[in-house]
There are 2 protein chains.
Amino acid sequence: MRIVAKEEGKVSDAVVRRLPRYYRYVRELMRNGVTRVSSAELSKRMGLTASQIRQDFNCFGGFGQQGYGYNVEELYEQLTRILGLDEQYNTIIIGAGNIGQAIANYTDFEKDGFILQALFDINPRLIGLAIRGIEIRDIDELGAFVQQHPIDIAIIATPRAKAQEVADMVVRYGIKAIWNFAPVDIVVPSDVVIENVHLSDSLYTLSYKIKELRSDPD
Amino acid sequence: MRIVAKEEGKVSDAVVRRLPRYYRYVRELMRNGVTRVSSAELSKRMGLTASQIRQDFNCFGGFGQQGYGYNVEELYEQLTRILGLDEQYNTIIIGAGNIGQAIANYTDFEKDGFILQALFDINPRLIGLAIRGIEIRDIDELGAFVQQHPIDIAIIATPRAKAQEVADMVVRYGIKAIWNFAPVDIVVPSDVVIENVHLSDSLYTLSYKIKELRSDPD
């Protein structure tokens, strides 16, 4: 059975944001050999009410049974499908500096089906090197490479000033998804999806929380 | 004038999440020599209504004038103070693998006042090395180091399985803020603040968006 979002309407952003956390938690249960989880336990762990969780799952047709809770394996498989993690995605990294290299070295993403095919940079000292056997290529080869290797996701890890230009380039080459690590809000056409990792925003949020904590220590 | 949150109540999480974006945008305007921004322009850029922005700013006493818009320099200074970015924070990184090293190499954070004082690891091959002149130390030295150097933020970049243990340790040593990069939800006491960068959650959200795009290409 294929799980698709109920109704015509889109699932709200808040629900979508919670899905990866559900997935991570349920995967952890699977790994620990747990076969069933009560909605009380799930809600405690997620910091949400059982009713909120039921509502979230109802967006996708609902799963779980009154009085029984959730079958962990079934929940895991459904969340996997909902998140699109039952497929493989070919990725490239553009910008092979610190962040680009760290992502390339992070093999957990491969286990999730995100397969790194190449890195690209403009720096002649990096071009020709390899990370985990995956070559760093000249950015000028990007177009030809993408024609030969269908790429699902471009990971942008360039400095701020280059990010929009690089995004325009990958969109022109037909790549439909961007994972952006550059500290800038990139603009893309409506048929391209983008997800940002703004590390500095996260750090600024933390300093806000520290300030709040210090001004009100209770 | 000191800007503090209006009323006794806490500012909502949604507002707090938007503050870093306001800050980044206004800083960009500053750098480009812009002195004034209309609320129309600001709202266009932020993808929010002018009324929403006014409401956000009202949480902090409000700034900007009817018909004039916002004075960029004033707005920048106030956002800087609100976010606690007018202070310096001493940081340490625990876990000097790919992610830890990438963060250590990312000098933009220093410009924002987050000063890296040391890295810690358990790997004897890493201990004694240095990144930008900052030493990677044995995790066993953590307690003594923190006693001599007051640390505001512990950045956790360990594997998943070690993250909670490390968090417990830094809390025991009196550190009140954690920036967590390990793909796990760490539990901390209520007088400790935490901010997570869950890279895999962001990637899973992207694969969800790709699936949605492919199933409904309009």
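In the text below, chain A, chain B and the rest are named by the order of the sequence lines, each starting its count at 1. Owing to the predicted nature of the structure, the values given are computational and were not obtained by experimental measurement.
Interface residue Tyr23(A): only side-chain heavy atoms are found under 4.5 Å from chain B. For chain B, the nearby parts of Leu203(A) are the backbone and the side chain; heavy atoms of each come within less than 4.5 Å. Only the side chain of Ile153(A) comes within less than 4.5 Å of a heavy atom of chain B; its backbone N, CA, C and O stay farther away. Neither the backbone nor the side chain of Ile155(A) comes within less than 4.5 Å of any heavy atom of chain B. Both the backbone and the side chain of Arg21(A) come within contact range of chain B, judged by heavy atoms closer than 4.5 Å. With a 4.5 angstrom heavy-atom cutoff, Gln101(A) does not touch chain B via any of its atoms. Using a 4.5 Å cut-off between heavy atoms, Val187(A) makes no contact with chain B at all.
Shortest non-hydrogen contact noted between Asn98(B) and Tyr106(A) is ND2-N, 4.4 Å. Between Val193(B) and Ile210(A), the shortest heavy-atom contact is CG2-CG1, 3.9 Å. The heavy-atom pair separating Ser202(B) from Asn196(A) by the smallest distance is OG-O, 4.1 Å. The shortest heavy-atom contact between Pro20(A) and Thr205(B) is CG-OG1, 3.6 Å. In terms of heavy-atom proximity, Arg24(B) sits nearest to Pro183(A) at NH1-O, 3.9 Å.
Around atom CZ of Arg125(A), no more than 12 heavy atoms belonging to other residues, nucleotides or ligands sit under 6.0 Å away. Atom CZ of Arg31(A) is surrounded by more than 12 heavy atoms from other residues, nucleotides or ligands within 6.0 Å. Heavy atoms of other residues, nucleotides or ligands lying less than 6.0 angstrom from CD of Glu110(B) number more than 12. For CD1 of Ile127(A), the number of neighbouring non-hydrogen atoms (other residues, nucleotides, ligands) closer than 6.0 Å is greater than 12. Annotation: Ile122(B), atom CD1; neighbour count of heavy atoms from other residues, nucleotides and ligands within 6.0 Å does not exceed 12.
Note on Leu199(B), Ile99(B), Val197(B): by heavy-atom pairs under 4.5 Å with chain A, the leading option is Leu199(B). For chain B, the option among Ile103(A), Leu19(A), Asp112(A) with the highest count of heavy-atom pairs below 4.5 Å is Asp112(A). Highest contact tally toward chain A, considering only His198(B), Glu195(B), Arg17(B), is held by Glu195(B) [criterion: heavy-atom pairs under 4.5 Å]. The candidate from Arg27(A), Glu28(A), Lys176(A) with the greatest count of non-hydrogen atom pairs under 4.5 Å with chain B is Arg27(A).
Formation of a donor-acceptor pair under 3.5 Å by the Lys209(B) side chain with backbone atoms of Ile194(A) is found in this model. A donor-acceptor pair under 3.5 Å is absent between the side-chain atoms of Ser207(B) and the main chain of Leu85(A), judged by distance alone.
The aromatic rings of Phe114(A) and Tyr204(B) sit parallel, their planes meeting at an angle under 30°, below the 60° perpendicular limit.
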For Val11(A) and Tyr208(B), run side chain to side chain contact (heavy atoms under 4.5 Å, CB included): C-alpha distance rounded to whole Å, both residues' side-chain angles, the deciding distance at 0.1 Å, then the answer. CA-CA 11 Å; Val11(A) 174; Tyr208(B) 177 87; 3.6 Å; yes

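The pair Arg45(B)-Asp185(A) fails the salt-bridge criterion, with no side-chain N (NZ, NE, NH1 or NH2) lying under 4.0 Å from an Asp/Glu carboxylate O. For Arg18(A) and Asp201(B), the salt-bridge test fails: no basic side-chain N is under 4.0 Å from an acidic carboxylate O. In summary, Asp86(A) and Lys211(B) do not engage in a salt bridge, as defined by a charged side-chain N under 4.0 Å from a carboxylate O. The pair Asp108(B)-Arg160(A) meets the salt-bridge criterion, since a charged nitrogen lies less than 4.0 angstrom from a carboxylate oxygen.
The shortest distance between side-chain heavy atoms of Leu206(B) and Tyr89(A) does not fall below 4.5 Å.
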